[in-house]
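Beneath this line is the structure, given in structure tokens, with notes to follow.
One-based numbering along the sequence shown. Model, not experiment: these values are computed from the prediction.
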Amino acid sequence: MLAPNDARITGLRCLEPGSGSAAGVASAGSPMEVVLAVEAGAALFGTGARFAAGVQIEGIDAGAIARVEGWLAGADWPSPVTELRLAVPASATARLADRLLGVAAYLRVNASPPFLVSAMRGPDLFVVPGP
């Protein structure tokens, strides 16, 4: 059970945009999406705290995947339990064929210290040669 003043990542999966498949396979040179299941406790959610969420994928430059930022109860996090979607552009996977990549995500809540931080390693992602 999540404490009223806590927030965390509860799930992480990589999706192929065309099929919606979460099989852990992506085509080199194709876009994909990383979906984070997140949860905020009732008291924290009620404050409208600021958050930032990001993903790091082995072999992809940190700046290639834009993080999601906003406020609890805002457009990107409208209810205490929701999903955040991070787009991975096609150019980020272009040179990664036949590689197994580690995926990790983070969630930071509050605009200034003390920060609440949650991190999760996801299933590995295999990049197959593109079309």
Side-chain angles (χ1 to χ4, degrees):
M1 172 109 184
L2 187 65
N5 289 310
D6 201 2
R8 67 178 170 203
I9 300 172
T10 59
L12 182 158
R13 64 189 193 281
C14 297
L15 298 180
E16 292 178 289
S19 67
S21 171
V25 176
S27 293
S30 296
M32 57 179 249
E33 196 172 42
V34 177
V35 180
L36 306 179
V38 293
E39 181 178 2
L44 182 65
F45 186 78
T47 68
R50 188 158 179 76
F51 78 91
V55 66
Q56 296 174 348
I57 301 176
E58 182 182 0
I60 295 178
D61 292 335
I65 305 168
R67 66 185 188 177
V68 176
E69 298 182 39
W71 291 267
L72 301 181
D76 290 314
W77 194 324
S79 61
V81 177
T82 194
E83 290 185 336
L84 303 174
R85 296 179 174 271
L86 295 98
V88 179
S91 59
T93 63
R95 297 179 316 277
L96 299 175
D98 287 328
R99 293 213 30 216
L100 185 61
L101 310 176
V103 180
Y106 70 88
L107 170 67
R108 178 181 44 81
V109 178
N110 287 341
S112 61
F115 295 111
L116 295 173
V117 177
S118 177
M120 178 177 279
R121 291 198 181 275
D124 288 338
L125 175 69
F126 188 77
V127 181
V128 297

* Taking Ser30 for the side chain and Ala90 for the main chain, is one N or O donor matched with an acceptor at less than 3.5 Å? ->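 No: the side chain of Ser30 does not pair with the backbone of Ala90.
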Once you round to the nearest 0.5 Å, how far does [atom1] of [X] lie from [atom2] of [Y]?
{"X": "Leu2", "Y": "Thr10", "atom1": "CG", "atom2": "OG1", "answer": "9.5 Å"}
{"X": "Gln56", "Y": "Asp61", "atom1": "CD", "atom2": "CG", "answer": "11.5 Å"}
{"X": "Leu96", "Y": "Leu125", "atom1": "CG", "atom2": "CG", "answer": "9.0 Å"}
{"X": "Leu15", "Y": "Leu86", "atom1": "CG", "atom2": "CG", "answer": "11.5 Å"}
{"X": "Arg99", "Y": "Ile57", "atom1": "CZ", "atom2": "CD1", "answer": "11.5 Å"}
{"X": "Trp71", "Y": "Asp76", "atom1": "CH2", "atom2": "CG", "answer": "9.5 Å"}

* How about Glu39: does its CD atom have over 12 heavy atoms from other parts shown lying under 6.0 Å from it? ->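 More than 12 within 6.0 Å, yes.
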* Applying side-chain contact (heavy atoms from CB on, under 4.5 Å), run through Asp98 and Phe126 and close with a yes or a no. => CA-CA 7 Å; Asp98 287 328; Phe126 188 77; 3.9 Å; yes
Looking only at heavy atoms, which two atoms of [X] and [Y] are closest? And how far apart?
{"X": "Trp77", "Y": "Thr82", "answer": "CD1-CG2, 3.4 Å"}
{"X": "Ala64", "Y": "Ala92", "answer": "CB-CB, 4.2 Å"}
{"X": "Leu84", "Y": "Ala53", "answer": "CD1-CB, 3.7 Å"}
{"X": "Asn5", "Y": "Ala43", "answer": "OD1-CB, 3.3 Å"}
{"X": "Gly54", "Y": "Leu36", "answer": "O-CD1, 4.4 Å"}
{"X": "Arg13", "Y": "Ala22", "answer": "CD-CB, 4.3 Å"}

hydrophobic_cluster_shared for [Y] and [X], side chain cutoff 4.5 Å:
{"X": "Leu116", "Y": "Val38", "answer": "yes"}
{"X": "Leu101", "Y": "Met32", "answer": "yes"}
{"X": "Val68", "Y": "Val34", "answer": "yes"}
{"X": "Leu12", "Y": "Ile65", "answer": "yes"}

* To do: Begin with the C-alpha distance, continue with both residues' side-chain angles, and end with the deciding distance and a verdict on side-chain contact (heavy atoms from CB on, under 4.5 Å) for Arg50 and Glu69.
  => CA-CA 8 Å; Arg50 188 158 179 76; Glu69 298 182 39; 3.4 Å; yes
* Ile60 and side-chain contact (heavy atoms from CB on, under 4.5 Å): which partner among Val88, Val103, Val55? ->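 Testing each of Val88, Val103, Val55 against Ile60, the sole residue satisfying side-chain contact (heavy atoms from CB on, under 4.5 Å) is Val88.
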